[in-house]
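These notes are about the structure you will find just below.
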Amino acid sequence: MNQIPANGPAKGENDATDATDPRVARRNKLNQLIERGIDPYGSRFDNRTFVSECRSRKNEVKFVTAEGQTLELPDFDAADPDAPIDYRQWKTDNGPGAETGPIVRVAGRVMLCRPTGKLIFLNIRDWTGNIQIFVGKKQVGDDDFDLAKLFDLGDLVAAEGRLGRTNTGELTVFAEKLFMMTKMLEPAPEKHAGMTNLDLRQRMRYADLAFNDGVMDTFMDRTRIIKAIRQTLDDDQFCEVEGPTLHTIAGGAAARPFITHHNTLDMQLYMRIALELHLKRLMVGGMERVYELGRVYRNEGLSPRHNPEFTMLEAYQAYGDYEVMMDLTERLIASAIEATGGNYQREFDGRMIDFSVPFQRETYAHLFHKATGIDPSDDNAVIEFAKGIGIKTDGKHLDVVRNEIFEEKVEDSLDGPIFVIDYPASICPLTKRKRDNPEVAERFELFILGMEIANAYTELNDPDLQEALFETQLSGQEEEDSMAKMDHDFVRALRYAMPPAGGLGVGIDRLVMLLTGQRSIRDVILFPVLRPETDSAK
RNA sequence: GAGAGUGUAGCUCAGUCGGUAGAGCAACGGACUUUUAAUCCGUUGGUCCAGGGUUCGAGUCCCUGCACUCUCACCA
């Protein structure tokens, strides 16, 4: 510690000047670039070739013999990896000649670097894939070769050169010119394991995306899924809107809201917990098919399936009902599957999901009976059963008890995909009752591997009943636990006539989880909620 | 909020019974013009999460705190 550095440009005073410190080494190289007149932060790079395009043009790489005959290359991709094609031998067999290929201009991040004397192999990654770059001292010249020696793992670099094959057959850009794009000043993560610390990966998603395999793919799939869902709705004449995220009453769901404050109005506002009530107002206004794909906020705990802000789709179709929404749900999920490879069998956490439509449909009462052996309409039996599994029944509405039994005994075992239909009415204050049975609400929930993915109903459009349901709900429950906060304006809107309609809500993050095989919601949200960084992190 | 686990080099991780802190990768110096986690030779790098305690002696045992992970709770 107290030893004075024996050599190097370091002035000695502090450890940060140690040339073997990765950060210092990168700064030193940055300075060397500047001394050579090279901008370490690069500039515009035109006529760029994406790596995916390089790969799609691999067939343009050919071999021209001395006689001028153009030969196709062996099929390296089909070759047995244990017995690869000896391309050097192939070339010898075909006599003197030269490889030809298109000139490409690639740019990306240096992922691997293998210097072998006067040769350097770089693997760079752009957001379409990885490709190898061959840098030969003789081929690029001394200046560019010296430049390549200043490249570190993680730097953004570019190369112009011919697309070709190395002796092992790997598709490679044979650089003729190199460019510094941007120097990375932080040390690179371990080059095989990458960053494994979950907290760091989420906190520094930029590094996670840049260095860990598959992360980009997952988020690209997320984008494709959302795009497909939007497309399907648009094709079906739905119109996309943006409701307010700041609400004066946080309604439409049972969740504790985030509270915020408007200064000039000196007014308490809530971040929205659902999209529902404003979309229904729009249906009153005549937007007959309307949807919003947006963020909602719930002030609750975190778990592998919960993030305080998450993305929800809600869609409403006038003159429809919950069965119409079931069909829509199937089409939306099918479109998401088509957008992510088209495979209807997906593995998730070691289990297989069969997304083939139509999905199974079972009534709440039937599933309840199957799991418990008791008739859900037999109130005494329900109470007995609840007590038997430790559910408190005092002061609770019987349907709440019923639902707690259902959640305890049925939901986790619903591998699905399965539509659970026809819920007890009293736990559904925004839902229309069945015409022939007011105890049952026209509602379904879609379960997959015990996770609730979608929730829909035939929307209640009777303003008087809606108002009454708001009031009963309010009197029976803690305000913060109730989804049915009295919203007078919403009731007034219903008095202006909302058409009979079906409404659907889909938890987009959970759907993306299932379709991309990610076990944690935090792996499908780019920037999940985290505690503030402490001093121990840098 | 409860329980369990984890915290050691820039990164990924070992560290036995309490006895002077280890490896791989990265970095630095050297060799190498077809590599594939390139290889080979050499070198540097540590507030062992923080604070307290037990002990002749603590990365290791005890207590407190912090952070993260998992499970549970909250959660249409």
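Letters go in sequence order (proteins before strands), and every chain restarts at 1.
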Margin query: Within the 4.0 Å heavy-atom criterion, would you say Ile133(A) contacts the bases, only the backbone, or no part of the nucleic acid?
Written below: nothing
Notebook entry, point to check: For Lys91(A), which contact category applies under a 4.0 Å heavy-atom criterion: base, sugar-phosphate, or nothing?
Noted result: nothing
Next item on the list: For Glu170(A), answer base if it contacts any base atom (sugar-phosphate contacts may also be present), sugar-phosphate if it contacts only those atoms, and nothing otherwise; contact means non-hydrogen atoms under 4.0 Å.
Entry: base
Next item on the list: Would you mind classifying the nucleic acid contact of Asn455(A) as base, sugar-phosphate or nothing, using non-hydrogen atoms under 4.0 angstrom?
Entry: base
Next item on the list: Quick one: label Tyr423(A) by what it contacts on the DNA or RNA (base, sugar-phosphate, nothing), any heavy atom closer than 4.0 Å.
Entry: nothing
Next item on the list: Measure from CZ on Phe134(A) to P on U34(B) and round the result to the nearest Å.
Entry: 8 Å
Note to self: Once you apply a heavy-atom cut-off of 4.0 Å, does Gly194(A) come out as touching a base, just sugar-phosphate, or nothing?
What the structure shows: sugar-phosphate
Check: Should the pair Arg443(A) and Tyr457(A) be classed as cation-pi, given the thresholds of under 6.0 Å to the six-membered ring centre and 45° from the axis?
Finding: no
Margin query: So, under a plain 3.5 Å distance rule, would you say the side chain of Thr196(A) forms a donor-acceptor pair with the base of U12(B)?
Written below: no
Notebook entry, point to check: Does the side chain of Tyr423(A) pick up a donor-acceptor pair with the side chain of Asn403(A) at under 3.5 Å?
Noted result: no
Checklist line | From C72(B), U12(B), U35(B), nucleotide with atom closest to Thr166(A) side chain | finding: U35(B)
Margin query: Only pairs with both distances under 3.5 Å count, Watson-Crick or wobble alike; so what is the partner of C11(B) in this structure?
Written below: G24(B)
Note to self: For Tyr316(A) and Tyr291(A), I'd like to know if the aromatic rings sit close, meaning centre-to-centre distance below 6.0 Å.
What the structure shows: no
Next item on the list: Summarise how protein sits on nucleotides 38-43 of chain B as a single string, 5' to 3': B when a protein heavy atom is under 4.0 Å from the base, S for sugar-phosphate-only contact, - for no contact.
Entry: B-----
